[in-house]
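Order of the sequence lines sets the chain letters (A, B, ...), proteins ahead of strands, with each chain counted from 1. Computation of the quantities below employed the complete heavy-atom set of this structure, encompassing side-chain atoms and omitting hydrogens, waters and symmetry-equivalent molecules.
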Amino acid sequence: MAVLQLEDITQEFGGLRALDLVNLAVDEQQIFGIIGPNGAGKTTLFNIITGIYRPTGGKVIFKDHLLNNMSPWNVARIGIGRTFQNIRLFNKLSVLDNVRVGSHGVGKSGFWGCILGLPGERREEKAIIEQTEKLLELVGLYDKRWEYADNLAYGEQRRLEIARAMALKPSLLLLDEPAAGMNSTEKTELMDLIWKIRNDMHLTILLVEHDMNLVMNICEEIAVLDYGRKIADGSPEEIKNDERVIQSYLGAEA
Amino acid sequence: MDALLSQYIDPYYLRILMLIGINIILALGLNLITGVTGQLSMGHAGFMSLGAYTSAILSMQLGCPFFLSLLAGAAMAALFGFFIGIPTLRLEGDYLAMVTIGFAEIIRVFFLNFEPGGKAVGMSGIPQNTTFLLVWTLVIIVVVLNAKLLNSRLGRAFYAIRENEIAAEASGINTTRLKVLAFTAGSFLAGLGGGLYAHYMYFIRPQDFGFMKSIELLNMVVLGGMGSIPGTILGSVILTLLPEMLRVVAEYRLLFYGALLVILMIFRPNGLLGDVRVYDIKKKFARKKVGSWQSSN
């Protein structure tokens with residue numbers, strides 16, 4: 001059964017049609033990849049799913065919620081976590097706090113609880129710390145937990161973004177170019193991490209990525225966008241051999 | 001207590017200590033809005049005057065007990081903060097600064113024409129109920145609660161809004177709601193400080209709460225370090241003392257004051273205590289305990 005379903009999504013910016021009648025269905029616990037040349041509309045698609053843009057036409061359905069008019073924080077609270085293509089961390093907060101902020105959407109403590117340190121708030125804080133430390137161990141940043149986020153290396157920042165998104169306990173994780181700027185060792189580690197997250201925590205993962213090796217290796221299904229249109233959809237094998245994909249994106253000799 | 005203190009401390013110094021305490025409360029309110037949540041407010045003195053006038057009118061003309069009028073003044077400022085925050089906090093940066101300046105001006109002009117507040121002459125004969133003990137007890141309470149708030153789910157969300165609003169929303173933070181909350185809480189502290197000020201100074205005039213007062217409070221937050229409680233306290237202490245210490249240079253006072261601020265901003269652009277937070281100091285101790293383990297990594 002599809003967890004996330006996009007039906008005839010269209011997005012227009014002035015006269016420009018960034019997305020044109022795109023249909024997608026992402027199944028539960030699938031690792032789903034979206035590829036395509038620059039400007040094909042991949043990040044726009046992410047911004048529509050997470051409520052940053054309101055689509056001009058079509059429907060976004062997640063489980064039994066219609067996301068079209070939901071605000072970004074609401075989308076996060078129903079269980080969609082995301083990372084950003086151009087890293088957006090809380091630079092002047094510690095690594096630990098970055099992940100703790102990530103759990104905001106699943107927290108309950110209100111103003112009086114926070115200001116007076118009521119018992120419920122204390123219990124919640126303790127649980128958040130435990131969860132945060134586990135997540136930091138998972139992404140290998142536990143030893144750097146007191147560093148400011150902007151002191152981290154590029155690859156580490158990308159992993160921190162994943163940990164922060166995971167703190168929301170999402171059932172769907174959107175990764176926007178998670179491997180950008182990583183070297184090949186880091187990329188291998190990232191692949192292991194994505195697998196691990198999916199297998200251990202039973203998440204559905206939707207990712208945009210340019211690194212073909214990574215996409216072909218970890219994705220179970222791939223959709224290809226070109227000029228805002230979906231030109232192909234299928235298993236990595238099918239995509240590799242699709243005439244139109246080879247022409248527009250992979251290159252003739254591939 | 002105050003009678004006892006005045007036997008040992010020169011009244012002039014006692015007065016400065018009182019003003020430092022009141023300024024700490026005012027500046028911590030602004031720190032919550034501008035330093036922590038990153039919403040540039042340049043009209044903090046407007047909220048302060050709401051607290052000052054409300055509490056003064058209540059205790060002088062309606063005979064309210066002091067504590068009740070103090071609380072009512074703070075609540076009045078918070079109420080205005082809330083209703084002004086809802087439409088304006090959707091604005092960003094410069095626009096918000098403009099709106100807050102405008103609001104503070106409206107309040108000032110309102111009190112200039114407000115009969116029960118004595119119009120331009122102001123109010124005098126306000127009972128001097130603000131004691132040294134009260135001010136500094138309130139300072140301690142405000143600092144403790146503030147520190148607790150900033151190291152909690154909501155406090156972290158405030159910082160997150162300042163650091164990156166889009167990422168904050170993607171973490172499930174209802175940014176509009178929390179900005180209004182920070183603005184309301186900060187205005188409450190402005191009103192509280194205003195009430196204390198009115199009941200200490202004996203008399204208040206609309207021009208005591210003008211644009212310059214707002215800027216002075218903003219300077220305390222920026223000089224000490226945006227978002228830092230120890231920084232804001234330090235900034236309040238320095239900027240309350242500085243004009244007093246510069247009295248020797250008489251009419252060149254403001255010149256020196258300005259020059260010092262420029263120099264400080266060149267050498268410490270993040271403020272004196274940068275982003276030092278109470279919780280960061282605690283953290284340093286935590287790090288020391290595991291020092292040997294850390295160096296082996």
- [ ] Look at R77(A), E121(A), H104(A) and state which one has the largest set of heavy-atom pairs under 4.5 Å with chain B.
- [x] H104(A)
Open item on the list: Is I128(A) in contact with chain B via its backbone, its side chain, both, or neither, using a 4.5 Å heavy-atom distance?
Closed with: side chain
- [ ] State, without any angle test, whether N47(A) and R54(A) hold a side-chain donor-acceptor pair at a distance under 3.5 Å.
- [x] no
- [ ] Determine the option with the most heavy-atom pairs under 4.5 angstrom with chain B, choosing from R88(A), R82(A), E125(A).
- [x] R88(A)
Task: Side-chain donor/acceptor of N68(A) to backbone N/O of V60(A), under 3.5 Å - done: yes
Task: Region of I161(B) that comes under 4.5 Å of a non-hydrogen atom in chain A - done: neither
- [ ] Measure distances from I115(A) to the heavy atoms of chain B and classify the residue's part below 4.5 Å as side chain, backbone, both or neither.
- [x] both
Open item on the list: Below 4.5 Å, heavy-atom pairs only: which of G107(A), G105(A), G102(A) has the largest tally toward chain B?
Closed with: G107(A)
TODO: Assess the side chains of S109(A) and E124(A): does a donor N or O sit below 3.5 Å from an acceptor N or O?
DONE: yes
Open item on the list: Between K169(A) and S103(A), do the side chains contain a donor N or O and an acceptor N or O under 3.5 Å apart?
Closed with: no
Open item on the list: Main chain of A52(B), side chain of S55(B): is a donor-acceptor contact present, judged purely on distance under 3.5 Å?
Closed with: yes
Task: Flag for T132(A)-R100(A): side-chain donor and acceptor within less than 3.5 Å - done: no
Task: Winner by heavy-atom pair count (cut-off under 4.5 Å) against chain A, out of L181(B), L149(B), N174(B), L154(B) - done: N174(B)
TODO: Let me know if E161(A) has heavy atoms under 4.5 Å from chain B in its side chain, its backbone, both or neither.
DONE: neither
